[in-house]
Amino acid sequence: MKIDRIELFLVPLRLRERFEISSGWRDERMILLVTVHGEGETGWGECVAAEDPSYSYETTETAWHLLRDFISPRVVKHELAAADQLPKLLTSVRGHAMAVAGVEMALWDLQARLAGRSLAEEVGGARRPVDVGVSIGLQPDDGTLLKKVEGYVAEGYKRVKMKIKPGRDVEMLRLVRREFPDLPILADANSAYTLSDVDHLRAFDELDLMMIEQPLAHDDLLDHARLAEQITTPICLDESIVSLRSAVLALELGACRIINLKPGRVGGFGPSRAIHDLCVAHEIPVWCGGMLESGIGRAHNVALASLPGFTLPGDISASRRYWHEDLVEPEFEMVEGTLCLPPGPGIGVTPRIDRISSLALRHETFG
Ligand code: OSB
Ligand code: MG
């Protein structure tokens, strides 16, 4: 594949409702879209970096900088045997996996389109509907949360994840558990606790949670391993898993029993497939997380989630859970707790280029 041109778009998209986590809230996303043009086709990617550095050190602006000044110049006009060869062109880029993933996943889309295959087939997935759950942000009060949970359960979501933080955790989850005795639920702390909270975290064990996601710091695998010895609720890691190496280390240390795999966080499909295979070999369940993506990133996530090791419902909800109007056609709809894989080629949904262009605050072309 010879890449002639790369384009970047920055598209503000208002969320249908505020999304609040332990470190802050947002009402709008700055969607960073990447296109790679080559061999007469176009591949689409979405960089998941957020507007601020609270979830990751990467932000929309650092990603734009990396993509413009370091990644695009090493890819444009270069010959790539296949999408999984991208790391060979980027040996001089350390970290910034989200920026890299934007291009990497666009290359996979391009490769799939050129082969006339769906992205799911291209990455080794099966043609099966993908089980989905929903991630609910912190709510102003328990009554509002219970109503939200009830609504999503009625819509058919297979499991519910709730954001927690100190002061909005055990009691709140206990109420939800009381109202929904059989519902698969989990709690995501986004690093809001430390190992000194172990006695408090032990109180979660009676709630029959599927897991607690990222209770401690992103770079503290050792304390996660220590915590795992003192609580029975399975620990799932999100922020801590930024590469295959970090996944190897986490499993070796016993820092988690489950992994939330987000392709946009680990550098794309190449590292995601390697982490997936590692987890399958260790009998560690994986599920596909989300970063409030538009339909473009969602299409990539659905394709990845069709791999066999994804045995738990992902944070891949329907377009309308996030947006009044998505950036793709058709939008993603949930049917009986699942999202269907769009039939190929590539991501299988059509980016609405007119809408993307007219909404874009910034648009740059390289090559
Ligand atoms: O921690 O999983 C997270 C969204 C933005 C940043 C971090 C996280 C999330 C979510 C939402 O939980 C998942 C989604 O529905 O896209
Ligand atoms: Mg998380």
Side-chain angles (χ1 to χ4, degrees), residues 13 15-32 46-60 63 97-98 101 130-139 145 148-149 152 155 157-165 169 185-193 209-218 224 234-242 250 256 258-266 286-302 304-305 312-323 326-327 332 334 337 339:
L13 211 54
L15 288 159
R16 280 174 64 133
E17 57 183 52
R18 171 168 295 188
F19 191 73
E20 181 167 350
I21 71 177
S22 60
S23 58
W25 46 263
R26 64 178 41 103
D27 295 316
E28 184 182 68
R29 286 279 287 114
M30 283 290 164
I31 306 282
L32 202 175
E46 177 169 341
C47 171
V48 302
E51 299 71 20
D52 65 78
S54 56
Y55 171 87
S56 159
Y57 65 86
E58 295 190 77
T59 68
T60 329
M98 292 180 174
V130 166
D131 285 346
V132 293
V134 64
S135 172
I136 307 183
L138 287 160
Q139 300 297 316
L145 174 64
K148 283 262 142 71
V149 175
Y152 285 126
E155 278 186 57
Y157 283 102
K158 293 204 168 168
R159 66 99 175 107
V160 172
K161 163 168 138 182
M162 283 157 282
K163 295 292 183 176
I164 55 166
K165 67 175 182 181
D169 51 19
I185 59 175
L186 66 116
D188 187 357
N190 291 107
S191 301
Y193 302 90
L209 300 180
M210 295 173 81
M211 66 196 90
I212 179 168
E213 183 174 334
Q214 197 70 43
L216 312 179
H218 71 98
H224 277 104
I235 293 175
C236 169
L237 289 177
D238 173 357
E239 285 90 327
S240 294
I241 308 298
V242 292
C256 66
I258 301 170
I259 285 181
N260 168 346
L261 187 45
K262 299 178 180 174
R265 186 195 62 223
V266 299
V286 284
W287 53 278
C288 186
M291 291 290 289
L292 310 175
E293 290 93 342
S294 80
I296 292 160
R298 196 161 310 284
H300 287 277
N301 289 347
V302 176
L304 182 70
L312 298 171
D315 279 347
I316 321 174
S317 311
S319 296
R320 51 159 291 164
R321 179 259 173 269
Y322 308 92
W323 318 112
D326 205 338
L327 300 178
F332 282 93
M334 187 185 55
L339 287 196

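All values derive from a computational prediction rather than experimental measurement. Remember, it's 1-based here, ligands and their atoms both numbered in the order they're listed.
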In this structure, which one of K161, K163, K262 forms a salt bridge (Lys or Arg N to Asp or Glu O under 4.0 Å) with E213?
K161
Using a 4.0 Å heavy-atom cut-off, say whether [X] meets ligand 1 through its side chain, its backbone, both or neither.
{"X": "Q214", "answer": "neither"}
{"X": "N190", "answer": "side chain"}
{"X": "I316", "answer": "neither"}
{"X": "V134", "answer": "neither"}
{"X": "K163", "answer": "side chain"}

Hey, are [X] and [Y] close enough for a salt bridge, meaning a charged N less than 4.0 Å from a carboxylate O?
{"X": "R29", "Y": "E51", "value": "yes"}
{"X": "R26", "Y": "D52", "value": "yes"}
{"X": "R159", "Y": "D315", "value": "yes"}

Which angle, to 10 degrees, forms at the Mg ion (ligand 2) with OE2 of E213 on one side and OD2 of D188 on the other?
90°
Nearest neighbour in protein (non-hydrogen) for [atom]:
{"atom": "atom 16 (O) of ligand 1", "result": "L292 N, 2.9 Å"}
{"atom": "atom 4 (C) of ligand 1", "result": "F19 CE2, 3.6 Å"}
{"atom": "atom 12 (O) of ligand 1", "result": "S135 OG, 2.9 Å"}
{"atom": "atom 15 (O) of ligand 1", "result": "Y322 OH, 2.6 Å"}

With no hydrogens and no angle check, just 3.5 Å: does a side-chain donor-acceptor pair link [X] and [Y]?
{"X": "S240", "Y": "Q214", "value": "yes"}
{"X": "R298", "Y": "Y322", "value": "yes"}
{"X": "E293", "Y": "N301", "value": "yes"}

N/O/S atom name from D238 that is nearest to the position of the Mg ion (ligand 2):
OD2
Give a yes or no on whether the backbone of D326 and the side-chain of R320 come within a donor-acceptor separation of less than 3.5 Å.
no
Short question: side chain of N260, backbone of G289 - any donor-acceptor pair under 3.5 Å?
yes
For atom 13 (C) of ligand 1, state which one of G290, A189, C288, S317 supplies the nearest heavy atom.
G290
Run down the list K262, M291, E239 and name the one with the heavy atom closest to atom 2 (O) of ligand 1.
K262
Heavy-atom gap K161 to ligand 1 smaller than 4.0 Å
yes
State, yes or no, whether a side-chain contact exists between N190 and Y55 at a heavy-atom distance under 4.5 Å.
yes
Enumerated ligand 1 atoms positioned under 4.0 Å from heavy atoms of D238:
1 (O), 2 (O), 3 (C)
What I want to know is whether D188 and ligand 1 share at least one N or O pair that is separated by under 3.5 angstrom.
yes
